[in-house]
*Asks:* 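Sharing a structure below in structure tokens format, with a few things to ask.
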Amino acid sequence: MKKYVCIILLISMGCKGVSQEKEAVTEKEEEQTEAFKVVKSEEEWRKELTDLQFYVLRKAGTENPGSSEFLKNKMAGTYVCAGCGTALFNSEYKFDSGTGWPSFDREIEGNVAFDVDYKIGYKRTEEHCAVCGGHLGHVFEDGPRETTGLRHCINGAALRFVPEEQ
């Protein structure tokens with residue numbers, strides 16, 4: 001009798017199949033991609049981006065601290081999305097946060113979208129390109145107090161720099 005009870009419990013607990021979970025994930029992904037103006041397949045993104053850019057922008061990865069070519073860039077210009085070219089941050093709002101990632105105290109309004117993530121066990125505000133959905137980094141409330149008080153901690157791999165024309 002105990003055998004039958006165990007078998008029935010195992011069957012009832014396992015009724016929700018993996019295919020149902022995949023359907024739910026697919027529906028959620030479709031909702032998210034429909035909201036963006038630039039939508040490409042994973043294959044298209046892989047062809048257009050470097051491996052690191054793909055990892056950061058499309059898989060919400062993080063580059064190693066101190067590795068960004070933009071970390072010490074002091075030139076005037078605009079930082080744009082490496083995926084779609086949308087202007088995201090102006091150089092005048094860049095500052096050295098000492099964290100190892102390019103940091104800005106504000107974004108170009110309307111071009112950066114925000115979401116909440118709990119990927120490392122606590123709540124953080126994630127930033128992504130409002131046009132293509134590419135993951136940029138996170139925003140924290142420990143930036144310069146004399147300006148916005150925000151620190152947009154951005155993966156350099158998610159950016160391209162367009163120098164100001166002289």
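Predicted model, so just to flag it, every value in this text is computed and none were measured. The chain is numbered in sequence order, starting from 1.
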*Asks:* For Thr148, which residues count as a side chain to side chain donor-acceptor pair (under 3.5 Å) partner, sequence neighbours excluded?
*Replies:* none
*Asks:* Would you compute the distance between atom NE2 of His128 and atom CZ of Phe114 and round it to the nearest 0.5 angstrom?
*Replies:* 9.0 Å
*Asks:* Could you tell me whether the side chain of Trp101 and the main chain of His152 form a donor-acceptor pair under 3.5 Å?
*Replies:* no
*Asks:* So, using side chain to side chain donor-acceptor pair (under 3.5 Å) as the criterion, who are the partners of His135 when residues are at least two apart?
*Replies:* Glu126
*Asks:* Compare every heavy atom of Ala157 with every heavy atom of Val56, then report the nearest pair and how far apart it is.
*Replies:* CG2-CB, 4.1 Å
*Asks:* Do any pairs count as a ring-ring contact (aromatic ring centres under 6.0 Å, His included) and have a residue in residues 44-69, sequence neighbours left out, and if so which ones?
*Replies:* none
*Asks:* Sorted by first residue and then second, give each salt bridge (charged side-chain N to carboxylate O under 4.0 Å, His left out) pair with at least one member in residues 40-52; sequence neighbours left out.
*Replies:* Lys40-Glu48, Glu42-Arg46, Glu42-Lys59, Glu43-Lys47
*Asks:* Identify the heavy atoms of Met75 and Pro163 that sit nearest to each other, and give their distance.
*Replies:* CE-CB, 3.8 Å
*Asks:* With a cut-off of 3.5 Å and sequence neighbours excluded, list every side-chain donor-acceptor pair involving residues 77-84.
*Replies:*
from	atom 1	to	atom 2	distance (Å)
Tyr79	OH	Asn73	ND2	3.0

*Asks:* Quick test of your reading: applying salt bridge (charged side-chain N to carboxylate O under 4.0 Å, His left out), list the pairs with at least one residue in residues 143-154, sequence neighbours left out, ordered by first then second residue.
*Replies:* Asp142-Arg151
*Asks:* What is the minimum heavy-atom distance between Ser68 and Gly156, and which atoms define it?
*Replies:* OG-CA, 3.3 Å
*Asks:* Keeping to residues at least two apart or across chains, list the salt bridge (charged side-chain N to carboxylate O under 4.0 Å, His left out) pairs with something in residues 81-101.
*Replies:* none
*Asks:* Mind checking what makes side chain to side chain donor-acceptor pair (under 3.5 Å) contact with Ser97, not counting sequence neighbours?
*Replies:* Thr99, Ser103
*Asks:* Just say parallel, tilted or perpendicular for the rings of Phe104 and Phe89, cut-offs at 30° and 60°.
*Replies:* parallel
*Asks:* Which atom names give the shortest non-hydrogen contact between Ser91 and Phe161, and what distance separates them?
*Replies:* CB-CE1, 4.4 Å
*Asks:* Quick check: does any side chain N or O of Glu127 sit under 3.5 Å from a backbone N or O of Gly137, one acting as donor and the other as acceptor?
*Replies:* no
*Asks:* Mind listing the side-chain donor-acceptor pairs of residues 116-124 below 3.5 Å, one per line with the distance, residues two or more places apart or on another chain?
*Replies:*
from	atom 1	to	atom 2	distance (Å)
Asp117	OD1	Lys119	N	3.2
Asp117	OD2	His138	NE2	2.7
Arg124	NH2	His138	NE2	3.3

*Asks:* Counting N and O atoms only, with roles assigned by atom type, does the side chain of Asn111 sit under 3.5 Å from a partner on the main chain of Leu88, one being a donor and the other an acceptor?
*Replies:* no
*Asks:* So which pairs with a foot in residues 98-113 pass salt bridge (charged side-chain N to carboxylate O under 4.0 Å, His left out), sequence neighbours left out?
*Replies:* none
*Asks:* Is it possible for you to say whether Leu71 and Leu159 belong to one hydrophobic cluster, with membership spreading through side-chain heavy-atom contacts below 4.5 Å?
*Replies:* no
*Asks:* Taking all heavy atoms of Ala158 and all of Leu136, pick out the closest pair and write down the distance.
*Replies:* CB-CD2, 3.9 Å
*Asks:* Atom CD in Glu164, atom CG in Asn90: separation rounded to 0.5 Å?
*Replies:* 9.0 Å
*Asks:* Identify the heavy atoms of Phe70 and Pro102 that sit nearest to each other, and give their distance.
*Replies:* CB-CG, 4.2 Å
